[in-house]
Colleague: 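I have a structure I would like to understand better, so I am pasting it below and will then ask my questions one at a time.
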Amino acid sequence: MTQTSISTRTAFFAKHRASLGVLLLLILMPFIVGLFNGASPATVFVNGNGQSKFIQGLAIEIFILALYALSFDLIFGITGMLSFGHSMFFSVGAYLTGIAIKSFGLSLPATLGWLVIAAIIQALLFGMVLPRVKGITFALVTLGIASVFHIVVMSSELGPYTGSDVGLQGVIVPDFISPANERLRFYFIALTVLILVYLLYQRFVNSPTGRVCIAIRENEGRAQMLGYNTFYFKLAALTISSLTAALAGFLHTLYQPIVSPNTAGLGFTVTALLILLIGGVGTLNGALVGAVVFRLLDYGLRRYIGESASFISGAVYVLFVLFIPYGIVGTWRLKSFQIKQGWERLLGLFR
Amino acid sequence: MVHRPRSTVYLEGIMDNEIIFETKNLTKQFGALVAVDDVSIKVRKNSLHAIIGPNGAGKTTFFNLLSGNIEPTSGSVIFKGRDITHQPVHRTIHYGIGRSFQITNIFPNLTVFENIRLAAQALGRDNFKFWQAASQFKQYEARTLEVIEKVGLKDRAQTLARTLPHGDQRKLELGIILAPDPEVLLLDEPTAGMAAEQVPELIALIQDIQKAGDKTVMLVEHNMNVVMSVSDAITVMHMGKVLAEGTPSEIAANKEVQTAYLGGLYELNV
Ligand SMILES: Nc1ncnc2c1ncn2[C@@H]1O[C@H](COP(=O)(O)OP(=O)(O)O)[C@@H](O)[C@H]1O
Ligand SMILES: [Mg+2]
């Protein structure tokens with residue numbers, strides 16, 4: 001091996017030290033948690049019940065939420081389109097997965113194939129209104145579209161397929177990915193999907209296309225004057241976002257015993273918004289950090305406080321927006337910049 | 001027919017293929033206000049053509065019509081013999097028409113480099129290569145560096161646009177439209193709000209670009225000394241209408257212009 005390739009490798013590890021550390025931790029986590037509870041890695045490996053299995057479950061939910069929040073960050077945080085109908089992107093994926101498996105007996109690959117088609121269609125549906133409406137009008141129109149979908153899945157006529165207001169249940173998940181018996185495998189599949197999507201998003205944001213999306217967020221009129229037909233870039237962002245959210249919905253249906261119609265409601269769009277506000281809008285990392293904080297806060301409050309949990313979590317979000325307006329990642333980036341500057345000033349005193 | 005002096009030497013014997021821009025009875029109304037009123041002008045290829053007139057005369061609105069930012073109420077815009085009146089605004093630069101704004105119009109939260117790089121990338125064929133990093137397209141980065149150097153922002157490449165001093169923002173505004181190397185530059189008060197000592201430098205740069213690159217420049221500018229010394233032709237607008245057009249000396253000698261606009265304040269010092 002040549003000297004340069006070794007040093008580029010070292011540089012790669014040095015640059016991504018933090019990310020690689022987190023990755024290693026996530027890979028080992030099920031086993032570490034097991035050890036703390038006196039379960040050997042072998043027990044964890046065969047999906048024995050216990051604390052590790054529970055934590056894996058919580059982590060899977062966080063991975064799915066993070067995927068969903070990432071997809072919202074792409075259109076809202078990166079491209080600057082505020083959609084109030086984002087939950088529909090997720091919910092269509094979730095319901096379609098359930099219906100394809102339960103009512104039509106489709107295999108997982110076939111289901112995924114239909115999901116891709118549906119995701120593209122719904123991105124086009126949202127995209128259709130783009131040339132006509134901007135800003136808050138876009139938010140309201142997308143809310144309108146999603147509300148129609150919400151009403152449709154709740155309707156009693158579709159009960160045999162969607163389960164109406166009760167929700168869709170009784171989806172038989174193939175054994176090899178069963179969340180009950182093969183949870184560790186499910187954990188690693190969800191983790192892998194999240195990492196791949198995250199890397200794809202990082203690349204997208206730094207690609208010629210993503211840079212234009214950022215330009216659209218910053219000053220759409222100027223972007224058009226530069227010669228970009230901004231419609232196609234927004235459509236690209238919507239399509240990738242829709243595919244991602246549908247994938248999150250797919251995993252959700254496989255993992256959860258029931259798909260609630262709440263996943264189609266405005267509340268679930270607000271969840272995505274809250275996650276980004278907590279983690280940092282337009283940072284991508286913020287979607288991941290935000291999903292962790294959001295889910296753990298929700299879990300912790302419910303467990304230790306119970307009834308009034310949602311009231312307290314509401315207050316926590318308000319405090320977040322007031323005191324950490326750029327979210328955790330956004331604020332950290334500003335701070336680390338300031339810390340660096342402060343450090344340099346300090347060093348300057350001794351020169 | 002409305003009285004419109006057309007007897008300028010500037011357009012004498014002009015051939016059709018020497019006209020790069022032409023407007024025919026171009027009119028824009030905002031409600032009851034006629035901001036641009038029946039304007040028909042011809043712009044000679046490779047010339048520096050100034051548009052002057054008091055505030056509110058309709059100069060910016062006229063530029064907006066040329067660049068496709070707004071649709072006219074009536075009339076048409078012909079570019080190189082082709083009617084572009086109803087083309088969408090994102091086509092403008094593809095025809096070779098670059099437009100800068102009186103009120104700085106940049107990407108405030110992006111760096112100087114990225115502002116110009118985006119402009120350089122726009123006309124390439126790589127806009128939808130979302131699986132590749134933007135930094136892999138060296139041709140746009142090279143062009144960006146070239147332009148940054150040209151407008152004198154080399155030391156500021158990594159500065160966020162919004163933190164630039166006003167004069168540098170004006171340079172960036174110019175850099176953004178230079179990057180795609182358009183044939184025609186529509187410059188709306190490029191020196192607006194600049195410190196007086198920075199003005200000659202920018203004007204010299206604009207002249208350089210026009211002469212060296214066989215380009216046509218249409219310039220809105222308030223400084224009469226500048227206008228008189230750099231222009232090949234001048235169109236004077238007043239209340240939306242063309243009050244006069246001609247060479248600098250024709251304009252300076254025009255009685256109507258003297259009373260309506262120059263008000264005797266400007267004296268031609270040649
Ligand atoms: N979008 C608009 N809506 C209504 N009135 C406008 C608009 N843009 C310009 N105007 C009016 O049109 C007239 C010409 O303005 P403008 O073209 O900016 O003049 P100039 O650039 O010569 O100073 C002014 O009276 C201005 O108030
Ligand atoms: Mg103006």
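Throughout, protein chains are lettered first and strands after them, A, B, ... in sequence-line order, and every chain is numbered starting at 1. All values below come from the heavy atoms of this structure, side chains included, with hydrogens, waters and symmetry mates left out.
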Colleague: Are A/Arg17 and A/Phe13 in a cation-pi setup, meaning NZ or CZ lies under 6.0 angstrom from the ring centre and within 45 degrees of the ring axis?
Modeller: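 Because its charged atom misses either the 6.0 Å distance or the 45° angle limit, A/Arg17 does not stack over A/Phe13.
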
Colleague: With a 6.0 Å cut-off on ring centres, are A/Phe233 and B/Phe128 close enough?
Modeller: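 A/Phe233 vs B/Phe128: aromatic centres under 6.0 Å.
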
Colleague: How would you list, in number order, the residues of residues 61-69 of chain B that have a heavy atom less than 4.5 Å from chain A?
Modeller: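 From residues 61-69 of chain B, the residues near chain A are B/Ser67, B/Asn69.
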
Colleague: Look at B/Lys150 together with B/Asp208 and state whether they make a salt bridge at an N to O cut-off of under 4.0 Å.
Modeller: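 The answer is no: the pair does not qualify as a salt bridge.
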
Colleague: Does A/Tyr326 have more than 12 heavy atoms from other residues, nucleotides or ligands lying within 6.0 Å of its OH?
Modeller: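 Check fails, neighbour count at 12 or below.
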
Colleague: Give a yes or no on whether a salt bridge exists between B/Asp214 and B/Lys45, defined as a side-chain N under 4.0 angstrom from a carboxylate O.
Modeller: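 Answer for the salt bridge query: no.
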
Colleague: Using the ring of each side chain (for Trp, its six-membered ring), is A/His16 parallel, tilted or perpendicular to A/Phe12, with breaks at 30° and 60°?
Modeller: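 Ring orientation of A/His16 relative to A/Phe12: tilted.
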
Colleague: Applying a criterion of heavy atom separation less than 4.5 Å, what residues of residues 73-96 of chain B form contacts with chain A?
Modeller: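 B/Val89, B/His90, B/Ile93, B/His94 fall under the 4.5 Å cut-off.
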
Colleague: What part of A/Leu200 gets closer than 4.5 Å to chain B, counting heavy atoms only: side chain, backbone, both or neither?
Modeller: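 No part of A/Leu200 comes within 4.5 Å of chain B.
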
Colleague: Judged by atom type as modelled, is there a donor-acceptor pair below 3.5 Å linking the side chain of B/Thr216 to the main-chain atoms of B/Asn46?
Modeller: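 Checking the backbone N and O of B/Asn46 against the side chain of B/Thr216, a donor-acceptor pair under 3.5 Å is found.
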
Colleague: Are A/His86 and A/Phe90 near enough that their ring centres are under 6.0 Å apart?
Modeller: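 When the ring centroids of A/His86 and A/Phe90 are compared, they turn out to be at least 6.0 Å apart.
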
Colleague: Does any heavy atom of chain A fall under 4.5 Å from the side chain of B/Phe137, the backbone, both, or neither of them?
Modeller: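 Just its side chain gets close to chain A.
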
Colleague: Is there a donor-acceptor pair under 3.5 Å between the side chain of B/Asn127 and the backbone N or O of B/Ala122?
Modeller: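 Checked: pair present.
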
Colleague: Given 3.5 Å as the limit, does a donor-acceptor pair link the side chain of A/Thr79 with the main chain of A/Met81, or not?
Modeller: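 Pair absent, no side-chain N/O of A/Thr79 close to backbone of A/Met81.
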
Colleague: So which atom in A/Thr269 and which in A/Gly85 form the shortest heavy-atom distance, rounded to 0.1 Å?
Modeller: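 Closest heavy-atom pair between A/Thr269 and A/Gly85: OG1-C, 4.0 Å.
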
Colleague: Is it the backbone or the side chain of B/Ile106 that comes under 4.5 Å from a heavy atom of chain A, or both, or neither?
Modeller: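 Just the backbone, heavy atoms under 4.5 Å.
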
Colleague: Using non-hydrogen atoms and a limit below 4.5 Å, what part of residues 159-174 of chain B faces chain A?
Modeller: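 Near chain A, by residue number: B/Glu173.
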
Colleague: Sub-3.5 Å donor-acceptor pair from the side chain of B/Thr23 to the main-chain atoms of B/Leu26, do we have one?
Modeller: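 No, because the side chain of B/Thr23 does not come within donor-acceptor range (under 3.5 Å) of the backbone of B/Leu26.
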
Colleague: Can you pull out every salt bridge (Lys or Arg N to Asp or Glu O under 4.0 Å) where at least one residue sits in residues 192-214 of chain A? Sequence neighbours excluded, please.
Modeller: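 Matches after skipping sequence neighbours: A/Arg211-B/Glu114.
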
Colleague: Hey, does the side chain of B/Asn115 reach the backbone of B/Phe107 with a donor-acceptor pair shorter than 3.5 angstrom?
Modeller: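 Yes.
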
Colleague: Below 4.5 Å from any heavy atom of chain B, which atoms of A/Asn206 appear? Answer side chain, backbone, both or neither.
Modeller: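 For A/Asn206, the contact with chain B is made by the backbone alone.
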
Colleague: Counting heavy atoms not belonging to A/Tyr232, are there more than 12 under 6.0 Å from its OH?
Modeller: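 Counting other residues, nucleotides and ligands, OH of A/Tyr232 stays at 12 neighbours or fewer.
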
